[in-house]
Amino acid sequence: MSIEVRNITKLYGEQKALNNISFEINTSGVVGLLGPNGAGKSTIMKILTCFIPPTEGSAKVLGFDVISQSVEVRKRIGYLPENNPLYTEMYIREFLEFSAGTYLSTKEISKRISEVIHITGLEKESRKKIQALSKGFRQRVGLAQALLHNPEILILDEPTSGLDPNQIVEIRNLIKEIGKEKTVLLSTHIMQEVEAICDKVIIINQGEIVANTDTASINDLFSGNVSVLVEFENEVAINGLMKIDGVLGTKNLGNNKYRIDTKKNFDARSTVFKWAVSNNYTIVSLQTEKHRLEDVFQQLTNK
């Protein structure tokens with residue numbers, strides 16, 4: 001088991017940041033910890049990285065308890081906090097050499113630094129001072145530092161926050177590549193982030209877990225109406241579509257395209273097709289509308 005969280009509650013004074021949460025992560029890949037600002041994502045990560053203790057409950061990383069075996073936990077995780085702490089007056093290699101001294105023997109340092117510089121795509125920038133780097137490359141330096149001791153688990157808190165669109169894509173691709181060999185726990189409130197790189201998603205709201213599933217199954221969590229998107233060759237009257245069995249509502253999307261809402265667990269495609277044939281309408285395309293992660297997120301976190 002990579003990460004095991006059992007009944008954790010965390011109080012800051014009288015404020016309850018986490019409320020009796022439990023989850024497990026047992027495979028390599030990228031897991032998205034998703035939630036609105038203030039939901040408790042960073043608190044979970046600080047507990048797993050041994051920065052703060054839980055008020056109640058327990059957490060283990062690769063079988064080691066975060067309280068009683070914190071040194072063993074720290075040996076096996078790499079952590080990139082939201083506010084990436086770097087010594088900006090240092091050169092990249094100088095900073096990584098300084099950091100590597102915490103984990104590695106002198107004879108290992110040079111080789112490992114070259115490896116992480118290659119992994120994170122820092123070769124062309126490696127002779128620069130950190131203060132001369134863009135934020136995207138500073139994030140790469142933070143990732144390189146987190147990977148220096150070749151940890152089995154990587155914990156990343158809002159790794160693309162504040163980056164421009166091109167930098168976001170670059171960092172996401174890098175994280176996805178790392179996730180092929182390691183367990184990556186990634187916190188974010190950006191739905192596109194999870195859809196782009198995560199294999200699994202844990203959604204947290206007000207200190208409680210409201211969803212824990214594979215990203216491929218996220219559509220199953222949506223409890224609203226099912227929609228069918230249909231394009232006809234010619235315009236169709238809305239009141240005609242409303243007469244189809246099981247239809248709850250329709251919307252004209254323009255250009256002979258319509259959204260047809262039906263009850264949950266009802267696939268209206270065959271019914272719509274039969275109605276079109278019987279009324280001499282030609283269908284150009286017909287498909288169910290998959291609900292985006294954003295739809296599920298809003299439904300689960302607006303309660």
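Just so you know, these numbers use all the heavy atoms, side chains as well, and skip hydrogens, waters and symmetry mates.
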For [X] versus [Y], what's the shortest heavy-atom pair and its separation?
X: A146; Y: L154; result: CB-CD1, 3.7 Å
X: C50; Y: V73; result: SG-CG1, 3.6 Å
X: F273; Y: I283; result: CA-CD1, 3.9 Å
X: S28; Y: T183; result: CA-OG1, 3.6 Å
X: C198; Y: T215; result: O-OG1, 3.1 Å
X: I209; Y: S22; result: CD1-O, 3.5 Å

Tell me if a side-chain donor or acceptor on [X] pairs with a main-chain N or O of [Y] at a distance below 3.5 Å.
X: R269; Y: V230; value: no
X: K182; Y: P151; value: yes
X: T250; Y: I260; value: no

Do [X] and [Y] share a hydrophobic cluster (ILVMFWY, side-chain heavy atoms under 4.5 Å, transitive)?
X: L62; Y: I44; answer: yes
X: I202; Y: I190; answer: no
X: L33; Y: I168; answer: no
X: I204; Y: V194; answer: no
X: V201; Y: I197; answer: no

Side-chain polar contacts of residues 232-244 - donor-acceptor pairs under 3.5 angstrom, sequence neighbours left out - could you list them?
none

Inset, instruction - Give a yes or no on this: more than 12 heavy atoms of other residues, nucleotides or ligands lie within 6.0 Å of atom CG of N255. - result: no
When you compare the side chain of [Y] with that of [X], does any pair of heavy atoms fall below 4.5 Å?
X: L18; Y: P54; value: no
X: T102; Y: L148; value: no
X: T271; Y: T262; value: no
X: L143; Y: L156; value: yes
X: Q145; Y: L96; value: yes
X: R112; Y: N150; value: yes

Inset, instruction - Please identify each residue that fulfils salt bridge (Lys or Arg N to Asp or Glu O under 4.0 Å) with E72, with sequence neighbours left out. - result: K75, R76
Legend entry - Qualifying side-chain hydrogen bond (donor to acceptor under 3.5 Å, both in side chains) pairs with a residue from residues 39-50, counting only residues at least two apart or across chains: Y12-T43, S42-D157
Legend entry - Set of residues satisfying side chain to side chain donor-acceptor pair (under 3.5 Å) with respect to Q192, sequence neighbours excluded: none
Determine all donor-acceptor pairs shorter than 3.5 Å in which one atom belongs to a side chain in residues 4-11; sequence neighbours excluded.
{"residue": "R6", "atom": "NH2", "partner": "E24", "partner atom": "OE2", "Å": "2.1"}
{"residue": "N7", "atom": "ND2", "partner": "N20", "partner atom": "OD1", "Å": "3.2"}
{"residue": "T9", "atom": "OG1", "partner": "N20", "partner atom": "N", "Å": "2.9"}
{"residue": "K10", "atom": "NZ", "partner": "P53", "partner atom": "O", "Å": "2.8"}

Under the salt bridge (charged side-chain N to carboxylate O under 4.0 Å, His left out) definition, can you give me all pairs with a residue in [range], not counting sequence neighbours?
range: residues 165-177; value: R140-E170, R172-E193, E177-K180
range: residues 57-67; value: none
range: residues 198-213; value: none
range: residues 116-125; value: E125-K128

Enter the distance from [X]:[atom1] to [Y]:[atom2] here, rounded to the nearest 0.5 Å.
X: L174; Y: T160; atom1: CG; atom2: OG1; result: 12.0 Å
X: L133; Y: L122; atom1: CG; atom2: CG; result: 7.5 Å
X: L186; Y: I171; atom1: CG; atom2: CD1; result: 11.5 Å
X: N173; Y: I178; atom1: CG; atom2: CD1; result: 11.0 Å
X: S285; Y: L229; atom1: OG; atom2: CG; result: 8.0 Å
X: I117; Y: L147; atom1: CD1; atom2: CG; result: 12.0 Å

Inset, instruction - Only one of V30, L48, I77 passes side chain to side chain contact (heavy atoms under 4.5 Å, CB included) with L185; say which it is. - result: L48
Inset, instruction - Using distance alone, with no hydrogens and no angle criterion, decide if S227 and D261 have a side-chain donor and acceptor under 3.5 Å apart. - result: yes
Please table the atom pairs, donor to acceptor, closer than 3.5 Å between any side-chain atom in residues 274-282 and protein atoms at least two apart or in another chain.
{"residue": "S278", "atom": "OG", "partner": "K274", "partner atom": "O", "Å": "3.2"}
{"residue": "S278", "atom": "OG", "partner": "W275", "partner atom": "O", "Å": "2.9"}
{"residue": "N279", "atom": "ND2", "partner": "W275", "partner atom": "O", "Å": "2.8"}

For residues 78-95, which side-chain donor-acceptor pairs fall under 3.5 Å, sequence neighbours excluded?
{"residue": "N84", "atom": "ND2", "partner": "R138", "partner atom": "O", "Å": "2.9"}
{"residue": "N84", "atom": "ND2", "partner": "Q139", "partner atom": "OE1", "Å": "3.1"}
{"residue": "E94", "atom": "OE1", "partner": "Y91", "partner atom": "N", "Å": "3.1"}

Inset, instruction - Apply side chain to side chain contact (heavy atoms under 4.5 Å, CB included) to V272 and Y258, showing your working. - result: CA-CA 11 Å; V272 171; Y258 301 83; over 6 Å; no
Inset, instruction - Can you run down the ring pair (Phe, Tyr, Trp, His ring centres under 6.0 Å) pairs that involve residues 132-161, sequence neighbours left out, and say none if there aren't any? - result: Y103-H149
